Amino acid sequence: MKNFAIYANSTRDHNYLQLHRIAGFLSSILPYGTVSLIGDEDAVAAHKNMHGTGLNILSGDTPLHKTNCIITLGGDGTLLRAAAVFAVPNGVPLMGINLGNIGYLTDVGIDNAESALKDLLSGNFMTEERLMLEAGSGSANHTALNDALITRHGNPGIMQFIVKVNGVFMDRYRADGIIVSTPTGSTAYNLSAGGPVLSPGLKALAITPICAHALHVRSAIVSSSDIIEITVQSSNIQASLYTDGRFAEIVPPSSPVTITQSPTPAKIIKTKDSGKNFYDILRGKLCCSP
């Protein structure tokens with residue numbers, strides 16, 4: 001690997017100190033190659049002011065096909081954003097350096113960053129492919145690494161949803177919303193809503209209602225190859241679709257939202273300094289004893 005791009009979260013990296021640190025470290029150990037900054041205009045401007053214009057500055061619409069790796073500085077949300085906007089459309093793998101609170105995906109600690117980057121350059125790493133979703137109610141599809149959420153837009157009130165899988169009626173829910181989660185996203189909103197934790201390598205999706213108005217309602221697990229259709233039947237309440245926590249679109253009344261597996265997975269780089277395995281991380285985040 002010789003060509004890197006850095007995507008920094010300005011709210012996590014105060015005064016962009018870690019951005020300058022990582023960019024400077026990479027530049028110092030790369031005999032050939034480039035280090036570029038993408039995405040955050042404030043971070044780009046701050047680096048120019050402090051270090052001049054020695055690094056490449058890439059805009060969001062710049063092709064990244066020559067980039068070998070995108071390094072994110074922030075939490076899991078930063079990596080999710082970088083995956084959807086920059087990495088997956090260009091087939092570029094990601095490595096997350098954790099400046100946030102969770103760290104399921106961004107499991108390289110900032111104290112181990114230089115060591116992990118050296119492993120990356122020496123080829124001492126593995127790449128995990130993570131299932132992505134595509135969701136939409138019309139011609140436009142929105143991608144997500146964690147989840148797709150359909151919930152009310154603005155006005156409070158219980159909504160009624162019809163869920164079909166491969167065109168077959170599965171269930172009717174009265175709830176505040178419905179989450180369709182990948183295994184990667186199963187430890188996010190899905191978990192908070194009472195949904196199951198899925199091993200990252202599973203080819204499965206979890207359908208989890210939020211605050212369902214029934215005693216019998218539980219999450220359902222379906223194959224990632226299934227086609228999920230969710231229709232909102234509450235005509236007096238407007239619904240919205242969110243992907244990875246970002247607003248995607250207003251859902252037209254009685255129009256089904258179709259959710260399928262994306263043909264392109266996200267590629268997440270893991271080095272020996274990425275830390276513990278998934279179950280160690282899960283146990284630690286949930287405050288359990290080994």
Side-chain angles (χ1 to χ4, degrees), residues 1-10 12-13 18-19 22-23 25-26 30 33-40 43 55-56 58-100 102-110 112-134 142-147 182-185 187-188 200-201 243-246 262-275 277-278 281:
M1 289 193 174
K2 63 178 183 177
N3 297 319
F4 293 85
I6 301 175
Y7 180 74
N9 183 335
S10 58
R12 293 291 185 184
D13 187 9
Q18 301 305 330
L19 167 63
I22 298 301
F25 177 77
L26 279 173
L30 284 173
T34 60
V35 181
S36 306
L37 304 183
I38 56 175
D40 192 315
L55 298 182
N56 293 331
L58 303 181
S59 62
D61 57 357
T62 301
L64 297 175
H65 61 277
K66 293 184 179 180
T67 300
N68 301 126
C69 177
I70 295 175
I71 297 168
T72 66
L73 298 174
D76 283 357
T78 307
L79 189 142
L80 293 174
R81 176 67 173 166
V85 177
F86 300 108
V88 173
N90 293 280
V92 182
L94 296 129
M95 186 178 82
I97 296 176
N98 187 23
L99 306 179
I102 302 299
Y104 285 106
L105 293 170
T106 54
D107 54 356
V108 174
I110 189 60
N112 299 324
E114 282 90 347
S115 178
L117 292 172
K118 287 179 180 178
D119 283 341
L120 198 59
L121 290 172
S122 65
N124 187 17
F125 66 90
M126 61 177 293
T127 303
E128 294 182 357
E129 290 195 348
R130 296 293 185 95
L131 184 156
M132 297 274 289
L133 293 178
E134 290 186 354
H142 311 274
T143 59
L145 176 54
N146 261 5
D147 50 44
T182 67
T184 299
T187 54
T243 51
D244 285 348
R246 301 184 304 274
S262 170
T264 308
K267 300 174 183 178
I268 310 297
I269 288 175
K270 301 289 185 179
T271 70
K272 70 175 184 179
D273 285 303
S274 294
N277 64 39
F278 171 75
I281 296 170

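Not measured: the values here are computed from a predicted model.
- One finds the CD1 atom of Ile71 at 11.5 Å from the CG atom of Leu79 (value rounded to the nearest 0.5 Å).
- Of the possible polar contacts, none joining the Thr67 side chain to the Phe4 backbone as a donor-acceptor pair under 3.5 Å is found.
- When side chains are defined from C-beta on, Thr184 does not count as touching Leu131, because their heavy atoms never get closer than 4.5 Å.
- Between the CD1 atom in Ile97 and the CD1 atom in Ile22 there is a gap of 4.0 Å [rounded to 0.5 Å].
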(request) In sequence, state the C-alpha distance, the side-chain angles, and the governing distance for Asn90 and Ile70, and then conclude on side-chain contact (heavy atoms from CB on, under 4.5 Å). (result) CA-CA 11 Å; Asn90 293 280; Ile70 295 175; over 6 Å; no

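- Panel note: side chain Thr182, backbone Met132; no donor-acceptor pair is recorded below 3.5 Å.
- In this structure, Leu99 and Gln18 have side chains that are in contact, with non-hydrogen atoms separated by less than 4.5 Å.
- Side-chain contact between Leu133 and Thr243: absent, with no pair of heavy atoms (C-beta onward) separated by less than 4.5 Å.
- Judged purely by atom type and a 3.5 angstrom limit, Asn98 has no side-chain atom pairing as donor or acceptor with the backbone of Gly109.
- Not a single donor-acceptor pair under 3.5 Å links the side chain of Asp244 to the backbone N or O of Ala144.
- Taking every heavy atom of both residues into account, Gly91 and Lys267 meet most closely at O-NZ, 3.9 Å.
- Within the 4.5 Å cutoff, the side chain of Leu94 has no heavy atoms near those of the Leu105 side chain.
- Taken to the nearest 0.5 Å, the CG atom of Asn9 stands 10.5 Å off from the OG1 atom of Thr106.
- Proximity of a side-chain donor or acceptor of Asp13 to a complementary backbone N or O of Ala8 within less than 3.5 Å is not detected.
- At least one side-chain heavy atom of Val35 sits under 4.5 Å from a side-chain heavy atom of Ile6.
- Closest approach of Arg12 to Gly75, counting heavy atoms only: CG-N, 4.4 Å.
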(request) Report the C-alpha distance between Met1 and Ile269 in whole Å, list the side-chain angles of each, state the deciding distance to 0.1 Å, and finish with yes or no for side-chain contact (heavy atoms from CB on, under 4.5 Å). (result) CA-CA 12 Å; Met1 289 193 174; Ile269 288 175; 3.6 Å; yes

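- In this structure the side chain of Thr264 never reaches within 4.5 angstrom of the side chain of Thr143, judged on heavy atoms.
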(message) As a quick check of understanding, evaluate side-chain contact (heavy atoms from CB on, under 4.5 Å) for Thr271 and Asn124, giving each step before the final call.
(response) CA-CA 6 Å; Thr271 70; Asn124 187 17; over 6 Å; no

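- Side-chain contact between Leu37 and Leu19: present, with at least one pair of heavy atoms (C-beta onward) separated by less than 4.5 Å.
- Between the side chain of Asp76 and the main chain of Tyr104, a donor-acceptor pair closer than 3.5 Å is present.
- Side-chain contact check for Arg81 versus Thr72: every heavy-atom pair is 4.5 Å or farther apart.
- Scanning both residues, Gly185 and Asn146, for their nearest heavy atoms gives CA-OD1, 3.2 Å.
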(request) Apply the test side-chain contact (heavy atoms from CB on, under 4.5 Å) to residues Lys2 and Asn68: give CA-CA distance (whole Å), side-chain angles for both, the deciding distance (0.1 Å), then the verdict. (result) CA-CA 7 Å; Lys2 63 178 183 177; Asn68 301 126; 3.9 Å; yes

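- Across Pro89 and Ala83, no two heavy atoms sit closer than the pair CD-O, 3.6 Å.
- Note that the NE2 atom of His142 and the CD atom of Glu134 stand 10.5 Å from one another [nearest 0.5 Å].
- Going from atom CG of Asp119 over to atom NZ of Lys270 covers 14.0 Å, rounded to the nearest 0.5 Å.
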